[in-house]
Protein chains: 2
Amino acid sequence: MPTLTAAQRREQARVEYDAFIKGCPTNQLLDRLSDKWVSLVVAALSNGPMRYSDLSRKIAGVSPKMLTQTLRALERDGILTRTVTPSVPVRVDYALTPLGSSLAGLLTAVKAWAETHIEEVHEARERYDGTPG
Amino acid sequence: MPTLTAAQRREQARVEYDAFIKGCPTNQLLDRLSDKWVSLVVAALSNGPMRYSDLSRKIAGVSPKMLTQTLRALERDGILTRTVTPSVPVRVDYALTPLGSSLAGLLTAVKAWAETHIEEVHEARERYDGTPG
DNA sequence: AAGAGCTACTATCCATTGGTAAGTAGTTAC
DNA sequence: GTAACTACTTACCAATGGATAGTAGCTCTT
């Protein structure tokens with residue numbers, strides 16, 4: 001019988017770990033999450049499960065190597081599930097786990113921020129590049 | 001006299017751009033934001049301005065090269081400001097702009113997610129690695 | 001029945017990136 | 001005079017990431 005609820009244990013974990021510290025496991029996890037392909041894969045799956053070929057079409061520019069690598073890493077981390085249907089040809093579906101869904105909201109927010117504020121960033125770059133010195 | 005408010009223009013921008021598409025400027029911006037050092041620098045500055053040496057102490061493990069590189073890129077993108085005080089020795093302060101502050105909430109949320117859910121990720125990894133085949 | 005095409009990858013090569021470590025400049029404290 | 005503080009810059013090398021090509025098993029076309 002646990003003395004703490006799951007929520008309490010998570011809160012305690014957040015206090016004990018500090019992603020600012022090198023070597024802290026959360027530092028490595030943040031590194032994993034801070035990846036363009038991770039953001040795009042998780043954002044793509046937030047609307048529902050997708051097949052490998054669907055993902056490679058949706059995420060324009062991802063190579064099969066990086067897509068597989070990203071999917072395997074996220075599967076290992078419990079963020080998504082990989083389901084093989086032995087039809088002909090074989091069919092592989094990827095879907096977010098509840099853990100993955102809790103992350104998806106955050107990563108899609110970052111993606112949406114980029115899409116919303118890109119013009120402001122462009123203006124800032126022009127100001128910066130135009131400044132002599 | 002603009003026919004659209006700033007908020008309307010931002011919303012339109014979000015619809016016109018799609019970070020899933022390679023070559024789209026937002027795809028490159030997402031790549032920039034999806035960086036461990038960017039997350040940590042922006043999270044560190046979300047509590048107020050910091051000096052270069054403060055940041056390098058707070059963000060354990062960052063090399064001067066990567067810290068300067070990250071700070072310069074974020075300054076160019078209008079996410080933070082760099083203020084030199086010609087004291088002796090010289091003092092350089094970094095602070096988030098309003099644009100940077102709007103991003104900070106999102107990136108600190110991702111950092112907090114990593115700190116909160118690290119144990120679940122570890123358990124998932126053990127399950128995955130323990131599974132034969 | 002020969003060849004193209006579909007699926008989901010795997011493998012190889014090379015340019016770019018990122019990390020490590022050392023160097024720089026200007027001043028001050030000991 | 002030399003060690004220390006500030007905020008960097010530079011050089012080097014290993015690792016990562018991206019482009020491209022190959023694989024396996026089956027089906028559909030001609």
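In terms of the salt bridge (Lys or Arg N to Asp or Glu O under 4.0 Å) criterion, B:Asp31 has no residue partners (sequence neighbours excluded). Residues satisfying the salt bridge (Lys or Arg N to Asp or Glu O under 4.0 Å) criterion with B:Arg82, sequence neighbours excluded, are absent altogether. Remark: B:Arg127 engages no residue in a salt bridge (Lys or Arg N to Asp or Glu O under 4.0 Å) (not counting sequence neighbours).
Not one N or O on the side chain of B:Glu115 forms a donor-acceptor pair closer than 3.5 Å with the backbone of A:Thr26. Between the side chain of A:Asp77 and the backbone N or O of B:Val121, no donor-acceptor pair lies under 3.5 Å. A donor-acceptor pair is defined here as one N or O able to donate and one able to accept, closer than 3.5 Å; no such pair exists between the side chain of B:Thr68 and the backbone of B:Lys65. Checked by atom type and distance alone, the side chain of A:Asp35 pairs as donor or acceptor with a backbone atom of A:Trp37 at under 3.5 Å. Panel note: side chain B:Tyr52, backbone B:Pro64; a donor-acceptor pair is recorded below 3.5 Å. Side chain of B:Thr97 to backbone of B:Gly78: a donor-acceptor contact under 3.5 angstrom is found.
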Tabulate atom names and distances for all N/O pairs under 3.5 angstrom spanning the protein and nucleotides 22-27 of chain D.
none

Which atoms of nucleotides 15-18 of chain D (N or O only) lie under 3.5 Å from a protein N or O atom, and what are those distances?
from   : atom 1 : to      : atom 2 : distance (Å)
D:dG17 : N7     : A:Lys65 : NZ     : 3.4
D:dG18 : OP2    : A:Trp37 : NE1    : 2.9
D:dG18 : N7     : A:Lys65 : NZ     : 3.0
D:dG18 : O6     : A:Lys65 : NZ     : 2.3

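Taking side-chain N and O atoms only, B:Tyr94 has a distance below 4.0 Å to OP1 or OP2 of D:dC8. Between B:Arg91 and D:dC5 there is no side-chain N or O to OP1 or OP2 distance below 4.0 Å. For B:Arg57, no side-chain nitrogen or oxygen approaches OP1 or OP2 of D:dA7 to under 4.0 Å.
A salt bridge links A:Asp129 with B:Arg76: the distance from a Lys NZ or Arg NE/NH1/NH2 to an Asp or Glu carboxylate oxygen falls below 4.0 Å.
For DNA chain C, the contact window with chain A, defined by any atom under 4.0 Å from a protein heavy atom, covers C:dT7 to C:dT20 in 5' to 3' order.
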